[in-house]
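Accompanying notes for the structure given below.
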Amino acid sequence: MTSNEDHQWIQVDLGSSQAFDRVAVVWETAYPKTYVIQVSDDGENWTDVKSVSNAPEPLKISVNGVRVLARGGNWGWDELLRRMPAERMDVAVRMHRDMNFTVIRNWVGSSDREKFFAACDRHGILVWNDFPNAWGMDPPDREAFISLARDTVLRYRIHPCVVIWCGANEGNPPAAIDKGMREAVREQVPGLLYQNNSAGGIVTGGGPYGWVEPEKYFDPMTYGSKDFGFHTEIGMPVVSTAASTRNMTGDEPEWPIRGAWYHHDWSERGNQAPHVYKAAIEARLGESGDLDDFARKAQFINYENTRAMFEAWNANLWDNASGLMLWMSHPAWHSTVWQTYDYDFDVNGTYYGARSACEPLHVQADPVKWQVVAVNHTATDLRGATVTGRLFDLSGRQLGTARTARVDVGRADTAKAFTAEWTNGLPDLHLLRLTLTDAKGKEVSRNTYWRYRDTSSLRELNKVKQVKLTGDITKVSSSGDRHEMTAVIHNRGSAVAAMVRLSLLEEAHGRRVLPTLYSDNYLWLLPGESRTVGLSWPSEAGSSRRPVLTAQAYNSPVTTLRG
């Protein structure tokens with residue numbers, strides 16, 4: 001029988017009752033990942049006697065004896081012209097670290113410069129390093145290629161960041177080339193893993209690369225492998241901030257989508273399917289009249305989906321979920337898809353959705369059953385912690401009573417707290433605020449979900465009251481070659497402040513200070529609530545000694561915070 005469909009079966013009639021203690025099954029090239037052997041006396045009623053799994057155990061990475069969820073992204077070309085200076089390289093890798101990423105995949109060996117590996121060493125980022133063999137090409141001079149492979153391993157083996165060498169992208173290298181690369185790794189860096197295929201065996205790949213409903217990430221059937229595993233590529237379109245998009249469009253009209261957008265990856269015939277992403281934004285928040293409106297709305301989708309990607313792996317941690325890498329994490333030019341920060345280093349909703357889901361200590365809920373769990377990605381057990389869940393309507397009124405649970409979470413582990421299920425009496429759009437506090441009562445994680453009964457329910461935000469944001473810059477200082485700032489943002493309104501975006505400028509209405517790292521951004525503030533945020537930026541990033549910080553919610557005008 002030949003078939004590539006699921007749920008197939010083969011029945012063998014032995015003619016009479018037989019006793020046996022083994023069954024030999026010989027498969028051809030294709031074989032099932034799992035199957036069950038059953039027996040029956042009458043061909044009608046069947047009893048399971050053996051379950052068999054051919055699925056390989058997914059790759060797991062440990063550092064100093066502690067399992068590390070590989071969370072990060074694929075790094076393609078550094079720059080369009082391959083002229084990325086050391087300070088820019090350092091910024092990019094530092095931003096990966098700031099997102100709480102642990103791994104960068106050097107896709108098909110795109111970055112071959114010392115600056116990249118040195119920056120990963122410096123910021124504690126592990127590197128999955130591809131050989132430059134792309135899709136399993138068979139070079140005409142095999143010996144020359146194998147010699148190059150040996151030299152490549154020899155050159156980079158001094159960097160502790162390199163933990164995996166991969167032979168080819170989404171395919172198997174030719175046997176002779178595969179053998180040569182494998183031996184190069186075994187001889188030059190004994191103990192490190194050589195993985196021949198970036199999407200086969202103990203790892204998987206293949207997206208999705210376009211937008212899907214957030215809850216789909218929690219369904220293993222969303223992935224071609226039909227499980228979570230160690231997944232090397234996943235992504236979606238990411239529309240940047242309005243200011244960065246204007247840098248992309250240049251002298252061309254910025255809105256509606258046209259010209260420059262299509263030249264910068266808005267390809268409706270590619271895997272990214274940006275028209276589906278745009279439709280998802282419009283289904284939730286309505287059509288946009290200009291670029292500023294569209295960019296603000298896009299950040300809801302960017303944040304929500306990226307958070308869901310990594311939280312799906314958290315929810316299934318070590319239960320066949322051991323690694324997830326975005327396609328891509330570093331943009332080599334201004335783009336409309338597959339990025340976590342902008343080419344000019346401004347930050348968007350994707351950046352903070354990833355940063356939240358990947359934080360070392362984290363509290364989350366899945367968007368299917370709303371099971372609340374605490375996640376510990378540190379090397380130390382978390383004992384006597386408390387998970388709290390509260391529901392709020394858009395006026396900030398608490399709905400019902402708070403739910404709490406005490407949890408102990410081992411290192412590199414998770415612990416269930418409670419279920420924050422939907423009930424019929426809840427508003428069609430409301431907030432679920434989760435917090436995780438340690439044994440001393442210190443908050444170590446805060447996570448706010450906007451829950452909508454159907455996609456159009458999110459449009460209630462278009463009618464919610466405008467709020468007034470105020471704030472104070474409480475501290476400005478310098479440390480080494482970086483400047484630092486602490487600010488407090490207050491919601492003085494009578495409704496929730498939705499997705500408050502912070503942006504540091506050289507002066508009022510001036511240029512953005514880039515790159516700037518924010519300890520939190522795209523905030524949800526309840527009426528009367530305040531949030532303290534820390535900022536840091538390189539000394540050379542701005543010419544002003546007294547930059548200004550602005551804050552704007554989806555439902556507020558821009559506010560300038562004063563020192």
Side-chain angles (χ1 to χ4, degrees), residues 73-85 87-96 98-99 104 107 110-111 116 209-211 235-275 277-278 281 288 290-299 301-303 305-306 326-354 501 503-505 510-517 521-522 537-538 541-542:
N74 286 258
W75 179 295
W77 294 274
D78 303 327
E79 297 289 332
L80 182 61
L81 298 178
R82 306 302 305 276
R83 294 176 180 174
M84 192 173 191
E87 59 273 15
R88 183 173 172 85
M89 183 80 76
D90 184 82
V91 167
V93 176
R94 184 190 292 267
M95 292 182 80
H96 281 71
D98 186 61
M99 282 186 284
I104 293 174
W107 181 72
S110 294
S111 186
F116 170 75
Y209 299 102
W211 180 88
M236 69 171 203
V238 176
V239 167
S240 187
T241 61
S244 291
T245 304
R246 288 189 177 97
N247 282 349
M248 178 189 77
T249 57
D251 296 333
E252 292 189 19
E254 63 187 40
W255 190 260
I257 293 171
R258 67 180 89 178
W261 291 69
Y262 290 99
H263 288 129
H264 287 264
D265 307 320
W266 192 271
S267 173
E268 296 183 3
R269 296 186 180 182
N271 286 340
Q272 58 266 55
H275 52 292
Y277 167 81
K278 182 173 181 286
I281 295 171
S288 299
D290 56 37
L291 174 61
D292 290 286
D293 187 35
F294 184 64
R296 279 195 299 270
K297 291 173 177 176
Q299 304 320 314
I301 306 301
N302 294 343
Y303 193 113
N305 271 52
T306 308
L326 296 180
W327 179 265
M328 315 260 308
S329 57
H330 171 73
W333 70 334
H334 282 296
S335 182
T336 58
V337 301
W338 303 330
Q339 56 190 335
T340 55
Y341 45 81
D342 308 329
Y343 177 71
D344 55 21
F345 290 138
D346 204 352
V347 288
N348 56 58
T350 289
Y351 187 98
Y352 283 92
R501 169 174 161 75
S503 184
L504 189 68
L505 307 178
R511 294 188 308 171
R512 296 166 294 164
V513 178
L514 301 173
T516 297
L517 301 182
N521 213 330
Y522 296 93
W537 63 97

Do Met248 and Thr336 come close enough that some side-chain heavy atom pair is under 4.5 Å? yes

In this structure, is the centre-to-centre distance between the rings of Trp266 and His275 below 6.0 Å? no

Using every non-hydrogen atom in the two residues, find where Gly349 and Gln299 come nearest and quote the distance to one decimal. N-OE1, 2.8 Å

NE2 (His263) and CD (Glu252) are apart, to the nearest 0.5 Å, by 7.0 Å

dist Gln272:CD -> Ser335:OG (nearest 0.5 Å) comes out at 8.0 Å

Under the criterion side chain to side chain contact (heavy atoms under 4.5 Å, CB included), I'd like the reasoning laid out for Phe294 against Lys278: C-alpha separation, chi angles, the key distance, then a yes or no. CA-CA 9 Å; Phe294 184 64; Lys278 182 173 181 286; 4.0 Å; yes

Axial cation check for Phe345 ring with Arg88, 6.0 Å and 45° limits: yes

Between Asn348 and Thr241, is a side chain to side chain donor-acceptor pair (under 3.5 Å) present by the stated rule, with each step listed? CA-CA 6 Å; Asn348 56 58; Thr241 61; over 6 Å; no

Checking salt bridge (charged side-chain N to carboxylate O under 4.0 Å, His left out) for the pair Arg296/Asp290: CA distance, chi angles, key distance, verdict? CA-CA 10 Å; Arg296 279 195 299 270; Asp290 56 37; 5.3 Å; no

Working note: Asp344 + Ser244, criterion side chain to side chain donor-acceptor pair (under 3.5 Å); need CA distance, chi angles, decisive distance, verdict. CA-CA 7 Å; Asp344 55 21; Ser244 291; 2.8 Å; yes

Distance-minimising heavy-atom pair for Ser110 and Trp107: OG-O, 2.7 Å

Indicate yes or no: at least one non-hydrogen side-chain atom of Met95 is less than 4.5 angstrom from one of Val347. yes

Give, for atom CG of Leu517 and atom CG of Asp98, the distance between the pair rounded to the nearest 0.5 Å. 4.5 Å

Straight-line distance of Ile104 CD1 to Trp75 CH2, nearest 0.5 Å: 5.5 Å

Could you grab the distance from atom OG1 of Thr249 to atom CG of Leu291, nearest 0.5 Å is fine? 7.0 Å

Gln339 side chain near His334 side chain, heavy-atom distance below 4.5 Å: no

Measuring from atom CG of Asn271 to atom CH2 of Trp327, what distance do you get when rounded to the nearest 0.5 angstrom? 10.0 Å

Are any of the side-chain nitrogens in Arg501 or Asp346 under 4.0 Å away from the carboxylate oxygens of its partner? yes

Can you see which heavy atom on Pro274 is nearest to which on Pro237, and at what distance? CA-CG, 3.9 Å

Do Ser329 and His96 have a side chain donor and acceptor closer than 3.5 Å? yes

Kindly indicate, with the supporting measurements, whether the criterion side chain to side chain contact (heavy atoms under 4.5 Å, CB included) is fulfilled by Val91 and Tyr341. CA-CA 11 Å; Val91 167; Tyr341 45 81; over 6 Å; no

Any heavy-atom pair between the side chains of Pro538 and Pro515 that's under 4.5 Å? yes

Side chains of Thr245 and Glu254: does their closest heavy-atom pair fall under 4.5 Å? no

Residues Thr340, Leu326; criterion side chain to side chain contact (heavy atoms under 4.5 Å, CB included); working and verdict: CA-CA 9 Å; Thr340 55; Leu326 296 180; 3.5 Å; yes

Side chain proximity check, Lys297 to Asp293, heavy atoms < 4.5 angstrom: yes

Are Asn302 and Met236 packed together at the side-chain level, in the sense that at least one heavy-atom pair is separated by less than 4.5 angstrom? yes

Are any of the side-chain heavy atoms of Tyr351 and Tyr303 separated by less than 4.5 Å? no

Would you call the rings of Tyr209 and Trp338 parallel, tilted or perpendicular, taking 30° and 60° as the class edges? perpendicular

Quick check on the 6.0 Å ring-centre criterion: do Trp77 and Trp333 meet it? no

Could you walk me through whether Asp342 and Ser240 pass side chain to side chain donor-acceptor pair (under 3.5 Å), step by step? CA-CA 6 Å; Asp342 308 329; Ser240 187; 2.5 Å; yes

